[in-house]
Amino acid sequence: MTAQHNQHLVRRISLISLIFYGIGDILGAGIYGLVGKAAGIMGNGIWLAFLVSALAAIFTGLTYASLGSRYPRAAGIAYILKKSFGSSFLAYVFGIMVLCSGLVSMATASRAFSGYLTGMIPALSLNVGILIFIALLTLIVLKGIKESMWANIICTVIELSGLLLVIAFGLSFIGDSSLIDFTTEANPTGQLHVPMVFSGAILTFYSFMGFEDIMNVAEEVENPQRNLPIGILVAVAVSSVIYMLISIIAVSVIPAGELAKSTQPLVDVMAKAAPWFPAKIFSFISMFAIANTALLNFIMGSRLVYGMSREKLLPKFLGYVSAKTHTPVTAILVCIGVVLLMAFTGDIAILAKSSSLLLLTGFFMMNMSLIILKRRKNEEKGRFEVPYIIPAFGCVLAISLIFSATFEEAQRAMGVFVVGCILYFILRPKAEAIEKMQG
């Protein structure tokens with residue numbers, strides 16, 4: 001074994017960088033279309049759906065914050081499940097499921113970015129655009145975590161500016177419509193019904209996903225026992241405030257019925273609130289939002305692969321870290337290979353629909369893990385502890401959302417789970433044999 005194989009990740013992510021990482025991961029291009037879909041369910045009351053989702057995200061975020069303060073490891077969910085359930089099988093399968101979700105998101109983002117790029121430069125083909133995009137991201141991630149964080153901060157500031165523009169130009173419209181009018185095509189009376197709120201909250205909850213990725217950069221965070229909980233909770237809180245304001249402003253500027261039929265609701269909101277503002281700027285902002293999503297999933301995926309390797313759940317060579325850049329080089333390259341394969345040949349849309357369900361299943365397991373660890377005698381506590389009610393509520397929420405999934409989404413998610421099981425039973429014996437040979 002060379003000296004380079006003994007290298008580890010270094011702590012270069014400050015609290016500010018971590019908060020930007022969380023905000024950038026939660027806020028994405030999805031909110032630009034999600035507002036319209038939510039208006040179709042909740043009418044002018046979409047703010048209520050976002051409020052319920054925000055509370056749900058805060059509960060799950062508290063669980064992740066507590067676990068992060070206890071065990072700041074790059075393996076994230078894989079390490080936590082191995083620690084709590086004592087099962088390499090669960091750790092491996094759920095680690096693969098979360099990894100798959102992240103890489104699918106990255107592949108989807110690469111195709112979307114290439115679509116924008118080829119629209120600006122018609123001479124480029126879609127596949128060439130994908131290669132250019134992936135190559136740029138790879139150079140950034142290979143350069144080092146500090147450089148990756150700076151790229152994330154720039155992208156986050158730009159994508160955040162688009163939402164802040166909507167807020168700035170739309171604030172004066174607040175009060176022009178009733179925010180307790182829940183009239184939709186399916187609810188002509190405009191009355192509030194609990195199932196309707198739950199249906200809207202399920203939809204809007206997906207816009208809060210992303211904070212869980214913070215766990216996978218834990219080994220590169222300065223003072224993780226303190227900064228991980230702060231980073232997760234501040235990111236969720238800031239995103240919640242922005243989403244609430246956006247939802248209120250959107251239905252104040254454009255009637256909910258009209259908003260629900262729009263293919264680009266926030267662009268239409270800006271067109272009415274500030275008709276002089278160039279609409280093409282939002283396409284530019286969307287490109288950075290998409291790039292940021294891919295970048296952060298890239299970082300998360302490579303650190304998860306690295307962490308799983310160090311936990312002996314994946315082959316040892318995937319834990320290689322460059323002595324110069326302190327980046328997990330082989331893990332990065334393997335992630336790139338899988339993403340390119342998906343982007344060029346796979347039907348990403350089929351996998352993408354199951355990604356949220358995979359993450360929700362992971363949320364349930366993480367909440368269960370915290371309950372188990374809190375009940376275990378002599379288990380080391382973290383600097384940020386929460387009462388049992390937090391992970392218990394998180395379990396109930398996750399189960400509720402999981403059972404709201406369609407049969408098709410459940411089938412696809414189960415397919416990924418089965419693939420993870422097959423990989424475990426095929427690859428783990430071989431990996432263990434190699435480890436014994438290497439001593």
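No experiment lies behind these values; they were computed from the predicted model shown. In what follows, every heavy atom counts, from backbone to side chain, and hydrogens, waters and symmetry copies are set aside. We're numbering straight along the sequence, starting at 1.
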*Can you list the residues that meet the side-chain hydrogen bond (donor to acceptor under 3.5 Å, both in side chains) rule with Thr118, with sequence neighbours excluded?*
none

*Would a distance-only check, ignoring hydrogens and angles, find a side-chain to backbone donor-acceptor pair under 3.5 Å from Ser252 to Ser177?*
no

*Using the side chain to side chain donor-acceptor pair (under 3.5 Å) rule, collect all pairs that involve residues 119-146, keeping only residues at least two apart or in two chains.*
none

_Lys324 backbone acceptor or donor facing Ser322 side chain under 3.5 Å_ = yes

_Tell me every residue that passes salt bridge (Lys or Arg N to Asp or Glu O under 4.0 Å) with Glu385, counting only those two or more places apart in sequence or in another chain._
Arg70, Lys374

_According to side-chain hydrogen bond (donor to acceptor under 3.5 Å, both in side chains), who are the partners of Ser84, at least two apart in sequence or on a separate chain?_
Ser369

*Between Glu219 and Arg303, is the closest basic N to carboxylate O distance under 4.0 Å?*
no

_Under the salt bridge (Lys or Arg N to Asp or Glu O under 4.0 Å) test, residues paired with Arg73 that sit two or more places apart_ = Glu311

_All side-chain hydrogen bond (donor to acceptor under 3.5 Å, both in side chains) counterparts of Asp213, not counting sequence neighbours_ = none

*What pairs meet the ring-ring contact (aromatic ring centres under 6.0 Å, His included) rule with one or both residues in residues 222-245, with sequence neighbours excluded?*
Phe50-Tyr243, Phe208-Tyr243

*asked:* Holding to ring-ring contact (aromatic ring centres under 6.0 Å, His included), I want the full list of residues that pass it with Phe182, two or more places apart in sequence or in another chain.
replied: none

*When you measure from the side chain of Ser66 to the backbone N and O of Thr63, does any donor-acceptor pair fall under 3.5 Å?*
no

_side-chain contact (heavy atoms from CB on, under 4.5 Å) partners of Pro229, counting only residues at least two apart_ = Ala65, Ser69, Phe384

*May I have all residue pairs that pass side chain to side chain donor-acceptor pair (under 3.5 Å) and include part of residues 39-55, sequence neighbours excluded?*
Ser53-Thr204

*asked:* Which label fits Tyr64 and Phe211: parallel for a plane angle under 30°, tilted from 30 to 60°, or perpendicular past 60°?
replied: perpendicular

*Anything under 30° is parallel, anything over 60° is perpendicular, the rest tilted; go ahead and classify Phe169 against Trp276.*
perpendicular

*Give a yes or no on whether the backbone of Ala343 and the side-chain of Arg111 come within a donor-acceptor separation of less than 3.5 Å.*
yes

_Donor-acceptor pair, distance only, cut-off 3.5 Å: does the side chain of Ser240 make one with the backbone of Val236?_
yes

_Among residues at least two apart in sequence or on other chains, which ones pass salt bridge (Lys or Arg N to Asp or Glu O under 4.0 Å) with Glu212?_
none

_Derivation of the side-chain hydrogen bond (donor to acceptor under 3.5 Å, both in side chains) call for Thr108 and Ser105_ = CA-CA 5 Å; Thr108 304; Ser105 178; over 6 Å; no

*asked:* Donor-acceptor check, side chain of Asn227 to backbone of Glu222, threshold 3.5 angstrom: yes or no?
replied: yes

*Quickly, which of Val339, Leu103, Ile336 forms a side chain to side chain contact (heavy atoms under 4.5 Å, CB included) with Phe298? Name it, please.*
Ile336

*Under the 3.5 angstrom rule, does the side chain of Ser148 hit a backbone N or O of Gly144 as a donor-acceptor pair?*
yes

*Check: Thr330 side chain, Phe317 main-chain N or O, donor-acceptor pair, under 3.5 Å*: yes

_Holding to side-chain hydrogen bond (donor to acceptor under 3.5 Å, both in side chains), I want the full list of residues that pass it with Asn152, two or more places apart in sequence or in another chain._
Thr156, Asn292

*So does Leu55 have more than 12 non-hydrogen atoms from other groups sitting under 6.0 Å from CG?*
yes

